[in-house]
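A quick write-up on the structure given underneath.
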Amino acid sequence: MERLSFASLTLSVMTSHKRLKLRQCTNCECVINGVWEWVEECARGAAAEEPAMRGILDDVCLSRNSLATSISARLARKLSRRDMPRELIEPLIREALTEDQNILSQIAQDLIAIVDRDPACRTPLEPLLFYKGFHAITTYRISHWLWQHDRTIMALQFQSLASEVFAVDIHPAATIGCGILLDHATSFVVGETAIIRDNVSILHEVTLGGTGKEEGDRHPIVESGVLIGAGAKILGRVTIGTCAKIAASSVVLENVPPHTTVAGVPAVIVNDSIPDNPALDMNQCLCD
């Protein structure tokens with residue numbers, strides 16, 4: 001039988017307690033602070049177990065005093081390059097997170113969602129350090145803030161950096177809610193006028209795209225609780241109803257009613273009575 005270290009056992013118990021407490025909390029500041037305390041505790045345990053990781057853990061977590069400064073450090077390490085050095089990127093990210101607490105609340109909810117829904121993830125420290133889906137959606141949140149403040153060129157620069165580094169291309173004008181699990185993330189594409197509501201789970205190689213050269217609202221609306229399988233393509237101003245499920249590799253060209261499963265090319269309804277929340281369940285079987 002595998003023997004767990006003391007730090008791992010402590011993290012396991014703490015994870016269960018923290019998840020329950022944070023799920024029940026409705027105060028944004030409480031959630032942000034709770035997630036940050038959880039990250040700090042996990043980082044201390046990880047540094048004790050793996051001294052070789054002490055440098056990055058110290059830079060990103062242990063020397064920081066808030067979730068905002070930690071996220072700023074991690075994204076800056078990931079996105080920096082010769083023409084956009086860390087010294088320029090990190091203060092810019094921190095400015096967005098400091099001025100708009102809603103972004104931090106969204107980030108905290110994203111971290112909770114990943115731990116809740118991804119069985120490979122034990123703590124929020126793991127996505128903060130390693131998961132490019134989380135890094136990509138967080139970079140989008142910074143670019144969206146820049147876009148809303150009429151800093152168009154810099155917003156597009158962040159979109160470009162995320163595309164190069166994470167292989168994820170999300171237009172900064174798109175609207176994305178909180179509690180998002182972007183699993184694996186590679187080749188995820190979101191168009192300018194797309195809308196994604198809260199508590200949505202999306203796997204890799206998904207496209208929320210337009211059709212033709214029309215202007216205006218031309219990209220999909222994804223309502224809350226939706227699960228989108230790997231490789232699915234959703235094209236045009238179609239609405240994916242609440243708690244619907246899109247099967248892997250499907251091509252969706254028409255509206256999808258709530259609580260239904262669609263599959264195929266083009267996608268058709270294969271189950272019209274989903275009782276639960278597929279985004280939270282992460283069950284990709286067609287008829288369950």
Show me the donor-acceptor pairs, under 3.5 Å and distance only, between side chains in residues 246-253 and residues at least two apart or in other chains.
from : atom 1 : to   : atom 2 : distance (Å)
S250 : OG     : A247 : O      : 2.9
S250 : OG     : G264 : N      : 3.1

The salt bridge (Lys or Arg N to Asp or Glu O under 4.0 Å) partners of D217 (sequence neighbours excluded) come to R237
Residues in salt bridge (Lys or Arg N to Asp or Glu O under 4.0 Å) contact with E95, at least two apart in sequence or another chain: R151
Evaluate the criterion salt bridge (charged side-chain N to carboxylate O under 4.0 Å, His left out) for residue pair D281 and R117; output intermediate values, then yes/no. CA-CA 7 Å; D281 297 337; R117 300 177 213 165; over 6 Å; no
Salt bridge check, D59 against R86: does any charged N sit closer than 4.0 Å to a carboxylate O?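 A salt bridge links R86 with D59.
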Take S66 and T69 through the test side-chain hydrogen bond (donor to acceptor under 3.5 Å, both in side chains) and record every step on the way to the result. CA-CA 5 Å; S66 67; T69 55; 3.1 Å; yes
Please report the shortest heavy-atom distance between L67 and L128, naming the atom on each side.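 Distance-wise, the nearest heavy atoms are CD1-CD1, 4.3 Å.
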Of all heavy-atom pairs between A108 and V31, which one has the smallest distance, and what is that distance?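 Closest approach of A108 to V31: CB-CG1, 3.9 Å.
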Nearest 0.5 Å please: distance from the [atom1] atom of [X] over to the [atom2] atom of [Y].
{"X": "L156", "Y": "S160", "atom1": "CG", "atom2": "OG", "answer": "8.5 Å"}
{"X": "D100", "Y": "H149", "atom1": "CG", "atom2": "NE2", "answer": "7.0 Å"}
{"X": "C28", "Y": "N33", "atom1": "SG", "atom2": "CG", "answer": "11.0 Å"}
{"X": "M282", "Y": "D116", "atom1": "CE", "atom2": "CG", "answer": "11.5 Å"}
{"X": "L104", "Y": "I32", "atom1": "CG", "atom2": "CD1", "answer": "5.0 Å"}

E29 atom CD: more than 12 heavy-atom contacts under 6.0 Å: no
Is it true that atom CD of E164 has more than 12 heavy atoms of other residues, nucleotides or ligands lying nearer than 6.0 Å? yes
P257: what forms a side chain to side chain contact (heavy atoms under 4.5 Å, CB included) with it, not counting sequence neighbours?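 T260, I269.
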Residue list, ring-ring contact (aromatic ring centres under 6.0 Å, His included) with F166, at least two apart or on another chain: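 F166 satisfies ring-ring contact (aromatic ring centres under 6.0 Å, His included) with H135 once adjacent residues are dropped.
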Would you say V165 and F134 are hydrophobically clustered, going by side-chain heavy atoms of ILVMFWY under 4.5 Å? yes
Would you please test K132 and T186 for side-chain hydrogen bond (donor to acceptor under 3.5 Å, both in side chains) and show each step? CA-CA 8 Å; K132 69 176 183 177; T186 301; 2.6 Å; yes
I'd like to check R218 versus E192 (side-chain heavy atoms, cut-off strictly below 4.5 Å). Are they in contact?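 Answer yes - side chains close enough.
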Compile the donor-acceptor pairs under 3.5 Å between side chains in residues 169-182 and protein atoms, sequence neighbours left out, one pair per line.
from : atom 1 : to   : atom 2 : distance (Å)
D169 : OD1    : Q159 : NE2    : 2.6
H171 : ND1    : A173 : N      : 3.0

Could you check whether any side-chain N or O of K78 sits under 3.5 Å from a backbone N or O of A73, counting only pairs where one atom can act as donor and the other as acceptor?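 Side chain of K78 to backbone of A73: no pair is present.
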